[in-house]
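First up is the structure itself, then whatever we jot down about it.
Numbering of ligands and ligand atoms starts at 1, following listing order.
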Amino acid sequence: MFIHYKEIWKQKLASAVNALLEENGVTETIAASDIIAEIPPQSNMGDLGFPMFTYVKLLHKNPPQIAQAVLAKLDTGSSVAKVLGPYVNIFLDRAEIAGELLKEAALGKQGSLGRPDTLKGKRIMVEFSSPNTNKPLHLGHLRNDILGESISRILAACGAEVRKVCIINDRGVHICKSMLAYRLYGEGKSPESECIKSDHFVGQWYVQFNRISKEDPGIEEKAQEMLRKWEAGDEDITALWKKMNEWAINGIKETYKRTGISFDTYYFESKTYLLGKNEILKGLENGIFYRGADGAVMIDLSAEGLDNKVLLRKDGTSIYITQDIGTAIFRYEDWAFDRLVYVVGSEQQYHFKVLFSILIKLGYIWAKNLYHLSYGMVNLPEGKMKSREGTVVDADDLLNDLKELALQEIKEKEREEAVGNPEAIAEKVALGALHYYLLQVSAPKDMLFNPKESLSFNGNTGPYLQYMGARISSMLRKAPMPTATSTVQPELLSGDAEWDVIKILFDYNNTIAESAEKMDSSIMAAYLYSLSKAFSRFYHDSPILHAEHPDLTAARLALSEAVLFVLKDALYLVGIPFLEVM
Ligand code: ARG
């Protein structure tokens with residue numbers, strides 16, 4: 001939506017520059033896309049600034065002289081252009097731009113929402129969450145989940161065909177640990193009998209295992225033995241494994257549903273863990289890999305600034321990276337992607353560097369398009385989370401706590417009646433608070449999640465954005481019906497507060513495209529905040545329903561509608577539920 005006026009002015013500038021070049025006998029021409037448009041540092045310097053430095057070489061004049069000459073050739077229409085030192089600055093005709101905005105917003109309302117098409121026709125696979133089936137999701141997963149879900153929505157908004165995938169880590173010794181503890185102490189019990197969410201039930205046995213192993217280190221070997229039996233297809237073990245995995249996965253999926261996360265494809269490590277071995281053996285034959293002194297297959301990545309890395313153990317068993325090599329190839333064969341994004345914690349940065357360089361060495365050209373969307377740790381202010389001791393910040397518990405806090409707030413404000421269903425609203429406020437807080441920090445940074453702060457209604461928070469949406473919605477509900485004769489007059493929207501809002505609305509598509517290009521949802525989050533703040537200023541300064549004149553009311557309502565439209569759309573891109581009332 002909203003073809004940016006910047007693009008239109010780049011065209012105009014290109015025409016003026018080219019006319020000037022031609023006049024000076026220069027055969028070279030400038031494309032509109034090469035024109036640099038800046039936002040002047042102060043609003044009294046205009047809305048757009050075009051630097052002239054680049055043309056010095058071509059015209060052999062100084063930038064201010066060039067600026068004067070370009071100005072003379074520029075078709076400014078009803079806007080005003082001025083030379084400011086080495087720049088040509090534009091003071092836009094606000095009424096004209098406001099008119100454009102309202103026209104497009106009206107189109108958008110009819111469902112023809114224009115989107116950036118920067119990724120049109122591209123296939124992008126996004127892998128995220130990727131939990132293990134020995135325990136429920138924790139706070140780190142919540143960050144991972146919303147990063148993956150949000151970036152997928154943003155990429156799709158740019159026209160990409162996105163496939164969201166999740167690889168469930170359902171095998172290995174850690175899975176056997178919860179199985180073993182259950183078998184020793186829990187046989188006969190079930191999530192139903194204990195009235196506990198099924199993934200939490202499984203997680204308790206994992207915690208139990210670690211408790212036992214402190215007193216009885218021998219139990220570790222028993223878990224290894226169980227893994228060997230599982231690999232050999234032992235019937236009893238397989239049955240237990242199936243049962244416990246189902247519990248874990250069903251519980252985990254409930255949490256996804258609650259948080260609005262979904263996947264197109266689930267992969268299961270138990271089905272993919274043998275992939276990759278053949279690739280390693282082929283690479284060994286081709287001399288890409290070598291056999292180490294102890295018989296393990298290795299790769300020397302010192303030329304890439306990485307180490308020597310084992311790819312197959314001496315007993316021929318594969319390791320984490322072997323599987324990832326196989327899985328990537330398998331995925332590409334299944335669905336030839338233009339890009340594969342892995343949303344995985346920053347502690348695995350080295351792993352992904354190695355993975356990507358190995359695939360390139362194996363000759364897979366597409367491996368150049370693999371991307372690790374790395375994110376930092378999340379902790380609560382109280383302290384570190386560790387899953388072994390069972391002091392991990394559990395995702396469901398945290399969601400419940402947030403919901404409880406939000407509910408309290410609704411009660412304190414005596415909004416129970418007004419919101420209709422306080423429970424449902426509290427749940428959505430909790431999600432809004434969580435997702436915004438997690439996304440607003442750029443992914444690579446470690447962060448603290450502060451539940452109280454995340455829920456504050458007046459700060460840089462999710463609920464603040466939701467509140468803004470509810471406020472506009474409520475105003476529009478109270479608005480007079482437009483009369484047949486009333487047409488909106490965009491020239492009534494040229495005050496400074498309105499103008500700020502309009503400029504931000506025009507930046508919407510560019511912001512989506514930029515977030516996609518930089519793989520950074522925090523850009524979208526920041527956009528939402530600046531839009532809400534600008535609207536709030538406008539709302540504060542300019543009476544809308546009680547404006548001096550009905551025409552003014554009509555114009556301001558039309559602008560508010562456009563804001564609501566963009567706000568809703570942008571909230572969706574960052575996984576914050578929109579609320580009509582709160
Ligand atoms: N389940 C793994 C873990 O908990 C993360 C998997 C990441 N994805 C991958 N393709 N390696 O560490």
Side-chain angles (χ1 to χ4, degrees), residues 124-145 147-149 151-152 163-178 199 202-203 206 210 227 245 248-249 251-253 255-256 261 263-276 279-280 309-311 318-335 337 339-359 364 366-367 369-378 385-388 392-395 443 519:
I124 306 180
M125 187 179 276
V126 183
E127 185 215 280
F128 61 105
S129 199
S130 301
N132 303 333
T133 55
N134 57 343
K135 51 187 181 216
L137 301 179
H138 55 67
L139 177 53
H141 286 112
L142 292 173
R143 188 176 193 190
N144 182 318
D145 292 354
L147 280 168
E149 182 67 39
I151 204 64
S152 298
R163 193 178 277 195
K164 297 183 284 179
V165 307
C166 176
I167 180 153
I168 298 196
N169 189 197
D170 62 347
R171 64 159 287 284
V173 73
H174 52 306
I175 309 298
C176 290
K177 289 180 178 176
S178 36
D199 51 339
V202 175
Y206 185 66
N210 288 303
L227 179 62
N245 266 346
I249 294 170
I252 287 169
K253 284 186 177 171
T255 309
Y256 289 151
I261 305 301
F263 297 96
D264 300 303
T265 312
Y266 284 99
Y267 295 98
F268 295 89
E269 204 195 305
S270 56
K271 298 219 175 76
T272 60
Y273 83 108
L274 293 174
L275 295 174
E279 287 297 324
I280 304 299
K309 173 94 191 160
V310 174
L311 303 176
S318 61
I319 51 173
Y320 186 47
I321 194 144
T322 324
Q323 302 169 35
D324 254 335
I325 293 170
T327 309
I329 297 167
F330 170 71
R331 285 174 179 173
Y332 186 80
E333 283 167 359
D334 181 36
W335 194 69
F337 47 73
R339 195 153 213 217
L340 167 55
V341 181
Y342 293 90
V343 184
V344 180
S346 53
E347 71 279 2
Q348 295 196 30
Q349 251 166 28
Y350 185 76
H351 168 78
F352 283 101
K353 272 194 198 143
V354 173
L355 174 66
F356 299 168
S357 28
I358 290 176
L359 284 163
Y364 295 103
W366 48 262
N369 304 319
L370 304 178
Y371 181 80
H372 176 201
L373 200 167
S374 162
Y375 65 92
M377 293 250 283
V378 207
M385 45 188 240
K386 287 200 197 87
S387 73
R388 262 164 199 274
V392 63
V393 184
D394 178 78
M519 291 280 176

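Side-chain atoms of Asn144 never come within 3.5 Å of backbone atoms of Gly345 as a donor-acceptor pair (strictly under, hydrogens ignored). Remark: side-chain polar atoms of Ser178 are not paired, donor with acceptor, to backbone N or O of Gly203 under 3.5 angstrom. A donor-acceptor pair is defined here as one N or O able to donate and one able to accept, closer than 3.5 Å; no such pair exists between the side chain of Arg171 and the backbone of Lys271.
Remark: ligand 1 atoms within the under-4.0 Å shell around heavy atoms of Glu127 are 7 (C), 8 (N), 9 (C), 10 (N). For ligand 1, the atoms closer than 4.0 angstrom to any heavy atom of Gln348 are 12 (O). Shown in contact with Val344 at under 4.0 Å from a heavy atom are these atoms of ligand 1, numbered in order with element: 7 (C), 8 (N).
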Criterion side chain to side chain donor-acceptor pair (under 3.5 Å) on Asp170 and Ser270, from CA distance to verdict: CA-CA 6 Å; Asp170 62 347; Ser270 56; 2.7 Å; yes
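Annotation: cation-pi pair Arg339/Tyr371 present, NZ/CZ under 6.0 Å from the ring centroid and within 45° of its normal.
The closest non-hydrogen atom to atom 6 (C) of ligand 1, taken over Tyr342, Phe128, Tyr267, Tyr320, comes from Tyr320.
Heavy atoms of Thr327 found under 4.0 angstrom from ligand 1: none, in either backbone or side chain.
Each of Tyr350, Phe128, Phe356, Phe352 was scored for a ring pair (Phe, Tyr, Trp, His ring centres under 6.0 Å) with His372, with one residue passing: Phe352.
In terms of N/O distances under 3.5 Å, ligand 1 is not approached by Arg331.
Residue-ligand proximity: Gln323 is placed with every non-hydrogen atom at 4.0 Å or more from ligand 1.
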